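Being a predicted model, the structure only gives us computed values, none of them experimental. Lettering of chains follows the sequences in order, A, B, ..., and the numbering in each one begins at 1.
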Number of protein chains: 2
Amino acid sequence: METEATAENSGVLDETGLGAEVRSAVGRLYRRFRSELPAGELGDTALEVLTYLHKRGPRTLTELSEAGRVAPASMSQTLNRLTSAGYAIRTPDPNDRRKVLFRTTTEGATLARATRSQRNAWLDAQLAALSPEDQRTVARACELLGAIADS
Amino acid sequence: METEATAENSGVLDETGLGAEVRSAVGRLYRRFRSELPAGELGDTALEVLTYLHKRGPRTLTELSEAGRVAPASMSQTLNRLTSAGYAIRTPDPNDRRKVLFRTTTEGATLARATRSQRNAWLDAQLAALSPEDQRTVARACELLGAIADS
DNA sequence: TATTGTTATACTCTATAACTATA
DNA sequence: TATAGTTATAGAGTATAACAATA
């Protein structure tokens, strides 16, 4: 037996079930995160882009759309929301005038830092209640799944 | 002025990082799943509701909205999509005529079974490439995170 | 009055198609 | 022609507010 069954999801962990388990858990967590989101705040998509710009530095629209695996037109609109809100700005690329470099504003950088801890308060509390071993398990799974998401 | 930040935050178990790591990994996986979705197919939300009805049996709108942690009005619209597509039907509750019991149709049950394996083909392939130990780690993390999502 | 469910409306996020500007 | 980016429009999924029907 590879894994013990989760009592309530009864038939779920069968031979082919791991993908379904991951997908279900991810979907439920994602929706849970979204349900905690106060109205008027940046959505997770926009915040993820802002955080990416903050951590990696200026990027073009094409780079951002490829990193986020969305169509360029989709990323353009997400960036419209960020720039309209004053969290990012467009700057011309001096070497290629077709390109636009997006970068965070001071407000955007502040928000990226602040929101990172604030928005995760609930989740951090839940995770803190796990045993150290379980925390390591979750951390390791995040590495593995993050790599899969980017593969 | 470059990112004084961790270029690759996979050290993970720092003082505040686990919640952020989980959130980031979940968000990137969720968006990756969504990007794999062929046009014209049921979205993950609708499919999750359909699967829930298929596994648990008939449920009222209130029960479904609480299970999915969405507003009743939101669930009503998701159910409108499922019923319009012929995958679920409304049936009156004989004991309380305010209530509506939603149940899968034959087509809905078939779809719930078929899509489950088909849609996870890509993810299953990625997971199959992991070592057995890593697979157990992911499975265990899904249990832990699933419980948090439902807490 | 309280509960159950619905419709109306708006916002985020996504897509495709059609467009402009630059290389 | 090819590439980078934008706008127009549509659909899924979410929310709140206002409503009807039943308890």
Which atoms of nucleotides 16-23 of chain C (N or O only) lie under 3.5 Å from a protein N or O atom, and what are those distances?
| residue | atom | partner | partner atom | Å |
| --- | --- | --- | --- | --- |
| C/dA23 | OP1 | A/Arg97 | N | 3.0 |
| C/dA23 | O4' | A/Arg98 | NE | 3.4 |

It should be established whether [X] places a side-chain nitrogen or oxygen under 4.0 Å from OP1 or OP2 of nucleotide [N].
X: B/Asn80; N: D/dA12; answer: no
X: A/Ser76; N: D/dG5; answer: no
X: B/Arg81; N: D/dA12; answer: no
X: B/Thr62; N: C/dG5; answer: yes

All side-chain hydrogen bond (donor to acceptor under 3.5 Å, both in side chains) counterparts of B/Thr115, not counting sequence neighbours
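With sequence neighbours excluded, B/Thr115 shows a side-chain hydrogen bond (donor to acceptor under 3.5 Å, both in side chains) to no residue whatsoever.
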side-chain hydrogen bond (donor to acceptor under 3.5 Å, both in side chains) partners of B/Asp93, counting only residues at least two apart:
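For B/Asp93, no residue satisfies side-chain hydrogen bond (donor to acceptor under 3.5 Å, both in side chains) once neighbours in sequence are set aside.
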Send over the distance from [X] [atom1] to [N] [atom2], rounded to a whole Å.
X: A/Glu41; N: C/dC13; atom1: CD; atom2: C1'; answer: 17 Å
X: A/Phe33; N: C/dC13; atom1: CZ; atom2: C1'; answer: 18 Å
X: B/Asp93; N: C/dT4; atom1: CG; atom2: C1'; answer: 11 Å
X: B/Leu79; N: C/dT6; atom1: CG; atom2: P; answer: 7 Å
X: A/Leu47; N: C/dT12; atom1: CG; atom2: C1'; answer: 14 Å
X: A/Leu50; N: C/dT12; atom1: CG; atom2: P; answer: 15 Å
X: B/Arg59; N: C/dG5; atom1: CZ; atom2: C1'; answer: 18 Å
X: B/Arg28; N: C/dC13; atom1: CZ; atom2: C1'; answer: 19 Å

Nearest-nucleotide 5' precedence on DNA chain D, A/Arg34 against A/Thr60:
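With A/Arg34 and A/Thr60 compared, the 5'-side residue is A/Thr60.
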Pair A/Arg34 + A/Asp44, salt bridge at N-O below 4.0 Å:
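The answer is no: the pair does not qualify as a salt bridge.
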Less than 4.0 angstrom from a charged side-chain N to a carboxylate O is my criterion; do A/Arg140 and B/Asp134 meet it?
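Yes, A/Arg140 and B/Asp134 are salt-bridged.
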By ring pair (Phe, Tyr, Trp, His ring centres under 6.0 Å) - contacts of A/Tyr30 (at least two apart):
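Ring pair (Phe, Tyr, Trp, His ring centres under 6.0 Å) list for A/Tyr30, sorted by chain: B/Tyr30.
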Ring pair (Phe, Tyr, Trp, His ring centres under 6.0 Å) with A/Tyr52: which residues, sequence neighbours excluded?
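For A/Tyr52 there are no ring pair (Phe, Tyr, Trp, His ring centres under 6.0 Å) partners, ignoring immediate neighbours.
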Hey, does B/Thr45 reach any base, or is it just sugar-phosphate, or nothing, if we go heavy atoms under 4.0 Å?
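Since only primed, P, OP1 and OP2 atoms lie under 4.0 Å of B/Thr45, the category is sugar-phosphate.
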To which residues is A/Leu101 joined in a hydrophobic cluster, defined by side-chain heavy-atom contacts under 4.5 Å among Ile, Leu, Val, Met, Phe, Trp and Tyr, whether direct or through other members?
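Other cluster members: none.
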